[in-house]
Amino acid sequence: MSVIELTIGGTRREVPAGTTGAEVFTDTPEAIAIRLNGVPADLHRELSDGDAVEPITLDEPEGLDILRHSAAHIVAQAVQELFPGTKLGIGPYIKDGFYFDFDTAEPFTPEDLKAIEKKAQQLIKSGQRFRRVVVSEEEARRRMADEPYKLELIHDRASTGDTGEAGVEVGAGELTVYENLDRRGEVVWQDLCRGPHLPDTKPIRGGFAVTRSSAAYWRGDQAKAALQRVYGTAWKSKEDLKAYQDRLAEAERRDHRRLGRELDLFSFPEEIGSGLSVWHPHGAIARGEMEQHARRRHIENGYSYVYTPHITKKDLFVTSNHLVTYADGIWPPITMDEERDAEGNVTKPGVDYYLKPMNCPMHILIYRERARSYRDLPLRLAENGTVYRNELSGALHGLTRVRGFTQDDAHLFVTREQLEEETAKVLEFVLSLLKDFGLSDFRLELSMRDEEKSKWIGEEEVWEVATEALRRVARATGLQLTEEPGEAAFYGPKIDLKVTDAIGRSWQLSTVQLDFNLPERFDLEYTDRDGSRKRPIMIHRALFGSIERFFAILLEHYAGAFPVWLAPVQVVGIPVAAEYAPHLHEVAERLRRHGVRVEVDDSDDRMQKKIRTHTKRKIPYQLIAGAEDQAAGAVSFRFRDGSQDNGVPVDEAVARILQAIEDKAQV
RNA sequence: GCCCUCGUAGCUCAGUCGGCAGAGCGAUUCACUCGUAAUGAAUAGGUCAGGGGUUCGAUUCCCCUCGAGGGCUCCA
């Protein structure tokens with residue numbers, strides 16, 4: 001019997017030829033697959049001389065990916081058993097779950113989904129096994145004869161070698177089919193698939209669920225067939241599944257659309273139009289505090305605030321080229337001053353005005369309003385500029401994706417020499433301001449130019465210098481940095497800032513974007529020290545991105561319980577009985593003189609009811625007073641979490657509250 | 001924009017297999033004056049999103065429009 005040498009978990013060992021991963025890891029029962037020379041593979045894969053293998057378990061992300069992909073196969077099998085004639089699309093794992101696309105006669109109803117889940121559970125319980133079969137292209141075609149989408153994938157792979165997004169189905173190497181075998185070893189289902197898969201369905205038993213369905217296009221192309229996508233999730237255990245469902249429920253509780261209604265912050269009246277928000281008094285207070293604070297800090301950091309109109313003649317966005325580059329996002333024009341005769345023929349053409357989708361061209365015009373010298377630079381123009389973008393109706397989502405929103409926009413005009421220092425300052429400023437709002441978990445992404453020369457403009461050398469400057473600046477922050485080649489806009493590299501919120505979700509916030517294009521298009525210049533004319537570089541910089549969206553992120557981050565300085569109502573006084581209300585009104589008056597937003601609840605409700613009401617409103621401080629407090633010239637604090645601090649002298653209470661506001665503290 | 005689901009009181013939701021529209025919370029009024037998350041009672045409040053069709057009769061069935069939700073696509 002011949003022998004092969006393997007590296008198993010780092011140590012070399014000789015085993016008989018024909019040994020499989022499963023045989024190597026018999027004493028690692030939690031292994032559900034192997035990493036074969038660094039690449040995930042089936043547990044039952046036969047190993048070759050020189051291979052390096054490690055076990056993959058459900059405790060690592062790759063293990064869960066495999067679990068979910070196998071669960072996707074079971075769902076597909078269930079669907080085809082329940083709905084014969086359904087054709088298969090692709091079925092990859094995704095974050096926290098998987099999906100599988102199907103071409104069906106009818107879309108799935110919620111009852112169908114339940115039936116699919118039930119069927120899948122049965123299949124899982126029946127203990128099916130997965131078997132990998134290497135096939136020739138001809139054999140693959142024969143097995144997939146009834147699956148037109150799979151045949152397309154086989155065809156594309158053969159003709160172009162391009163597996164595209166269907167990489168899950170047909171890898172770059174050999175073609176494989178996975179068979180689902182029942183207890184008797186009969187092949188009950190099969191799918192073209194690169195794998196790897198679980199050895200059998202047992203590990204899926206723990207935490208599997210079908211979650212929802214939706215439409216999706218074949219290969220993400222609107223022109224292609226609309227498929228039905230079934231989403232599901234799968235976890236190592238029931239407990240993990242429960243934890244995942246709890247996370248979803250928590251996100252649901254924090255949903256800014258729900259909180260916005262419950263706390264009476266903002267709304268989207270139908271009469272105004274989709275994606276257009278109105279801000280109620282309490283929402284406006286919190287938003288106003290955000291804006292004022294940001295404004296003060298911008299001024300301290302050398303920014304100059306400007307104001308510009310919401311509409312503009314067409315020519316401006318022709319010059320900037322926005323009308324071409326972003327045509328789809330621009331609202332249809334308003335035609336002004338057109339004259340017609342009695343027959344309706346145009347006798348004098350009108351002028352088209354557009355709602356502005358971006359502020360930059362207007363800021364550029366302010367720059368260009370007079371001759372600039374190197375002494376003017378860096379010039380930092382800032383505006384809370386409201387822009388309008390014609391988002392597709394299906395893309396709208398609460399305050400995070402709207403048709404009218406306000407950018408805390410700034411455009412910095414700098415010389416090449418100033419670029420690095422100024423970018424560093426911008427980034428430092430952005431981080432410092434975001435920290436004021438209680439965010440602390442940041443990550444950076446550097447977007448670099450495409451290799452393809454036609455996809456960017458400007459001089460290669462400027463790109464190199466600028467990208468290198470951004471990289472140095474980004475590294476200097478000490479934050480996690482990922483580099484994204486090919487992700488830059490055509491006009492310059494950028495740094496994006498992502499933030500992770502209180503429940504671990506990642507949001508794209510600020511962006512610092514260099515622009516070599518608009519200064520060129522608008523022929524911007526400054527006179528340098530030696531009298532020569534030079535072109536400035538522009539930095540586009542949105543810090544919150546959109547004020548509305550940032551507000552929504554903060555609202556979810558805090559689950560509606562804002563830190564004191566942002567809370568619409570900061571203090572509410574609750575008398576134990578009506579006769580103690582005057583005492584609290586006096587305290588409230590003292591607070592109000594210091595600018596504190598304070599109410600006294602002298603409604604007829606019982607005190608316990610008032611506590612409940614204001615706790616649900618997430619008011620940071622409830623000040624309760626009865627006979628004891630009044631006699632002692634004191635108040636009793638009750639906080640959002642139910643904790644108390646009783647009998648605090650009024651002077652101290654006022655000082656404490658003012659201090660918390662000053663410190664931007666959470667209480 | 002595309003696919004699916006949905007739209008009943010301010011909010012959350014029942015309900016009507018086609019026959020005068022329901023609850024809880026909230027609001028208002030009255031009584032109660034109370035020490036840390038719901039006192040009791042009464043009252044008001046809806047062209048069942050809007051329009052059209054079928055029908056003796058439509059909130060209910062059908063069509064269109066508007067809006068929302070979940071995805072797809074998009075996201076300067």
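Keep in mind it's a predicted model, so treat the numbers as computed, not measured. The chains referred to below are lettered A, B, ... by the order of the sequence lines, with proteins before strands, and numbering in each begins at 1.
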Nearest-Å distance once atom P is located in both B:G40 and B:G53: 50 Å

Nearest-Å distance once atom C1' is located in both B:U55 and B:G15: 22 Å

Distance-only side-chain donor-acceptor flag, A:Y149 / A:D103, under 3.5 Å: yes

Options B:G7, B:U36, B:G71, nucleotide nearest the side-chain atoms of A:S214: B:G71

Nucleotide of B:C3, B:G67, B:A37 approaching A:I611 most closely (side-chain heavy atoms): B:A37

Touch class at under 4.0 angstrom, heavy-atom based, for A:R606 against every strand present: base

B:C74 to B:C6 separation - P atoms, rounded to the nearest Å: 28 Å

A:R403 side chain to A:Y388 backbone, donor-acceptor under 3.5 Å: no

Touch class at under 4.0 angstrom, heavy-atom based, for A:R638 against every strand present: base

From B:C72, B:U33, B:U36, nucleotide with atom closest to A:A216 side chain: B:C72

Side-chain touch A:F522/A:P361, heavy atoms, less than 4.5 angstrom: yes

Most 5' of A:Y231 and A:H322 on RNA chain B, judged by nearest nucleotide: A:Y231

A:F83 and A:F108 aromatic centres sub-6.0 Å: yes

Gap between atoms NZ and P, on A:K616 and B:C25 respectively (whole Å): 11 Å

Pairwise C1' distance for B:G18 and B:C25, with rounding to whole Å: 32 Å

Touch class at under 4.0 angstrom, heavy-atom based, for A:T325 against every strand present: nothing

Contact check, side chains of A:Y354 and A:L316, non-hydrogen atoms, under 4.5 Å: no

Complementary nucleotide for B:U16 - Watson-Crick or wobble, under 3.5 Å: none

Geometric cation-pi criterion, A:R68 with A:F98: 6.0 Å, 45°: no

Sugar-phosphate, base or nothing in reach of A:Y491, heavy atoms under 4.0 Å: sugar-phosphate

Any N/O donor-acceptor pair, A:N646 side-chain to B:G35 base, under 3.5 Å: no

Interatomic distance, A:R640 CZ vs B:U36 P [rounded to whole Å]: 22 Å

Pair assignment for B:A41, Watson-Crick or G-U wobble, requiring both distances under 3.5 Å: B:U29

B:U60 to B:A21 separation - P atoms, rounded to the nearest Å: 13 Å

B:C20 versus B:U59 - spacing of their P atoms, nearest Å: 11 Å

Gap in Å between the two C1' atoms, one belonging to B:C66 and one to B:G26, rounded: 28 Å

Sugar-phosphate only, base, or nothing, as touched by A:D629 at under 4.0 Å among non-hydrogen atoms: base

Touch class at under 4.0 angstrom, heavy-atom based, for A:D604 against every strand present: base

Donor/acceptor link under 3.5 angstrom from A:S636 side chain onto base of B:G35: yes

Value in whole Å for how far the P atom of B:A68 lies from CD of A:E252: 17 Å

Between B:C4 (C1') and A:Q228 (CD): distance, integer Å: 7 Å

Gap in Å between the two C1' atoms, one belonging to B:U16 and one to B:U8, rounded: 11 Å

Phosphate OP1/OP2 of B:A68: any A:H397 side-chain N/O under 4.0 Å: no

Rounded interatomic separation in angstrom, taking OH from A:Y580 and P from B:G35: 9 Å

hbond_proxy A:Y217 side chain to B:C2 base (donor-acceptor, 3.5 Å cutoff): yes

Touch class at under 4.0 angstrom, heavy-atom based, for A:E262 against every strand present: nothing

Gap between atoms CG and C1', on A:D264 and B:C11 respectively (whole Å): 11 Å

Sugar-phosphate only, base, or nothing, as touched by A:Q608 at under 4.0 Å among non-hydrogen atoms: sugar-phosphate

First encountered from the 5' end of RNA chain B, between A:A578 and A:R257: A:A578

Among B:A37, B:G71, B:A76, the nucleotide that comes nearest once only the side chain of A:A215 is considered: B:G71

Sugar-phosphate only, base, or nothing, as touched by A:T613 at under 4.0 Å among non-hydrogen atoms: nothing

Sugar-phosphate, base or nothing in reach of A:A395, heavy atoms under 4.0 Å: base

A:R212 side-chain proximity, nearest of B:A76, B:C3, B:G70: B:G70

Ring geometry between A:H256 and A:F266 (parallel below 30°, tilted from 30 to 60°, perpendicular above 60°): tilted

Side chain of A:S393 - closest among B:A76, B:A37, B:G1: B:G1

Donor-acceptor pair present, A:R229 side chain and B:C4 base, under 3.5 Å: no

Watson-Crick or G-U wobble mate for B:C6, both contacts under 3.5 Å: B:G67

Distance in angstrom units between A:F268 CZ and B:G69 C1', rounded: 14 Å

Side-chain H-bond candidate by donor/acceptor type, A:N384 with A:T406, under 3.5 Å: no

Touch class at under 4.0 angstrom, heavy-atom based, for A:A627 against every strand present: base

Touch class at under 4.0 angstrom, heavy-atom based, for A:R261 against every strand present: sugar-phosphate

d(CZ, A:R219; P, B:C72) in whole Å: 18 Å

Mate of B:U36 where both pairing distances stay under 3.5 Å, Watson-Crick or G-U: none

Any A:K609 side-chain nitrogen or oxygen under 4.0 Å from OP1 or OP2 of B:G35: no

Backbone N/O of A:V402 and side chain of A:E548: donor-acceptor pair under 3.5 Å: no

